[in-house]
Number of protein chains: 2
Amino acid sequence: MTENDAVTAAVVVIGNEVLSGRTQDVNVQFLALGLGELGISLDEVRIIADVEDEIVSAVNLLRDKYDYVFTTGGIGPTHDDITTASVSKAFGRAMIRNPEAEAILLSNYKPEDVTEARMKMADTPDGDDVVLIQNPVSKAPGYQVENVFVMAGVPRIMQAMFDDLKPRLKGGAPVSSRSLDAFIPEGLVAGPLSDVQNQFPDIEIGSYPFVRSGQLGTCLVARSADEAALDEAADAIAAMIRSLGGEPNDPTKPKK
Amino acid sequence: MTENDAVTAAVVVIGNEVLSGRTQDVNVQFLALGLGELGISLDEVRIIADVEDEIVSAVNLLRDKYDYVFTTGGIGPTHDDITTASVSKAFGRAMIRNPEAEAILLSNYKPEDVTEARMKMADTPDGDDVVLIQNPVSKAPGYQVENVFVMAGVPRIMQAMFDDLKPRLKGGAPVSSRSLDAFIPEGLVAGPLSDVQNQFPDIEIGSYPFVRSGQLGTCLVARSADEAALDEAADAIAAMIRSLGGEPNDPTKPKK
């Protein structure tokens with residue numbers, strides 16, 4: 001990848017509990033924001049069931065398409081935790097008991113609490129290039145194999161794992177944003193906004209309607225790694241809002 | 001599909017704002033629960049960017065693979081709202097100004113507030129089989145084309161649209177669940193739980209660790225459309241918890 005290329009990522013959420021609605025996923029937003037800070041663009045998310053074929057095909061497709069893939073979920077001790085078996089299969093590698101992970105788990109449990117189910121959490125795909133992801137919360141580690149990072153699904157653990165693996169990621173220029181909102185309905189902003197977007201084709205401009213105190217409004221968000229161009233675009237958006245009779249307001253700044 | 005087949009669905013969340021982390025998606029959980037009540041199993045979710053090729057390929061792959069596809073987002077008036085153009089392309093149909101949708105919008109706006117951007121929200125793929133999805137919140141409708149339902153991304157509007165389209169869905173037997181939790185760590189439950197799962201291969205049993213008042217525990221959730229088998233499995237799980245020295249508790253029932 002050249003320096004100018006955007007660095008891209010995908011997330012695979014593995015978990016029947018998200019698909020059944022039992023659990024509200026919060027990992028995607030955490031990863032989106034964390035990757036964004038590193039200049040890595042989250043381009044796709046898939047939420048799939050604990051089904052081997054689905055995991056194998058999603059991991060193989062996405063690791064080929066994006067610079068990084070992050071999986072969450074399915075690395076616990078129970079029968080429905082099949083992520084490591086599936087990821088091993090995706091890479092065409094055997095699943096082994098990882099000696100380093102085994103040592104971590106054995107030092108964490110009293111001898112009488114060591115069960116085969118628990119030791120399953122020391123399994124990884126085979127290969128000298130597999131690097132563990134430390135888990136300060138409950139010890140059982142995740143791991144990195146090539147450009148795929150396998151993490152727990154429990155948010156506290158996933159967040160700690162992401163902190164551990166962050167230094168391994170090579171980001172691009174971090175993407176900044178400028179937000180401006182105004183009490184103008186989206187349908188009236190849309191036309192003039194198209195003109196601004198055409199004027200700044202390299203800047204991603206999003207438009208988000210809102211209702212506040214019973215009044216319709218629109219929040220406009222410009223995103224780019226180019227700070228100077230971003231400032232110009234924000235000025236153009238502010239001018240457009242004024243031309244429609246509105247008063248541009250930066251929602252990220254505290255009210256006076 | 002035969003009566004015995006599970007009825008399946010996929011959701012496509014179209015929105016840069018979710019991928020950037022600006023917005024926490026809440027539509028997936030709402031749809032997962034709503035579909036579950038109708039006996040429709042949400043089997044896959046994709047969150048993709050406002051990029052035509054990505055929308056076309058996701059819609060075409062998923063409408064072939066699942067009984068129903070629901071999209072959320074990208075049907076507003078602005079330049080980044082490209083869902084309808086993309087869905088039309090996916091179906092190989094022209095995008096037309098839908099007369100029924102046009103009438104709804106024209107009756108909703110004062111003549112001076114009618115803009116081309118707003119009228120864009122009356123566009124749908126061509127075809128007599130296209131059925132609008134009513135939007136009581138802000139009027140601009142969604143639509144159904146074959147087995148694909150195109151909805152707004154704003155949760156309040158999406159929820160109202162889902163209420164409108166619900167009667168069109170043919171579900172299977174609704175899936176029920178039984179939950180039991182106990183203060184036993186997941187690593188100790190895992191082995192015996194595998195035996196219960198093997199005893200009831202047709203019942204999906206999930207295991208979810210928790211920490212409550214500083215104590216480790218596990219919540220076990222059995223899901224099936226077969227109520228009688230579910231009761232048997234719940235009894236087997238309760239017996240297993242007791243055999244491990246724990247006291248099974250139904251977290252869905254109020255404490256005495």
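Computed from heavy atoms alone, side chains included, the values below leave out hydrogens, waters and symmetry copies.
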Can you say whether [X] sits under 4.5 Å from chain B via the side chain, the backbone, both, or neither, judging by heavy atoms?
X	result
A:Tyr208	side chain
A:Thr23	backbone
A:Asp80	side chain
A:Ile205	both
A:Val175	neither
A:Thr115	side chain
A:Val211	side chain

Spacing of B:Asn198 atom CG and A:His79 atom NE2 [to the nearest 0.5 Å]: 8.5 Å
Quick one: CG on B:Asp25 to CD1 on A:Ile47, what's the gap to the nearest 0.5 Å? 7.0 Å
If every non-hydrogen atom of B:Ser207 is compared with every non-hydrogen atom of A:Thr78, which pair is closest and at what distance? OG-CG2, 3.3 Å
Shortest non-hydrogen pair, B:Asp81 vs A:Glu186, comes out as OD2-OE2, 4.5 Å
Proximity breakdown for B:Val221 and chain A, heavy-atom pairs closer than 4.5 Å: side chain
Among [options], single out the residue with the greatest number of heavy-atom pairs under 4.5 Å to chain B.
options	result
A:Leu188, A:Leu42, A:Leu19	A:Leu19
A:Met119, A:Gln197, A:Glu17, A:Arg22	A:Arg22
A:Ser20, A:Ala117, A:Pro185, A:Ala10	A:Ser20
A:Ser41, A:Gly187, A:Ser177, A:Ala32	A:Gly187

Quick one: which of B:Val28, B:Asp113, B:Leu33 has the most heavy-atom pairs under 4.5 Å with chain A, could you say? B:Leu33
Among B:Glu44, B:Lys120, B:Glu116, B:Arg118, which has the most heavy-atom pairs under 4.5 Å with chain A? B:Arg118
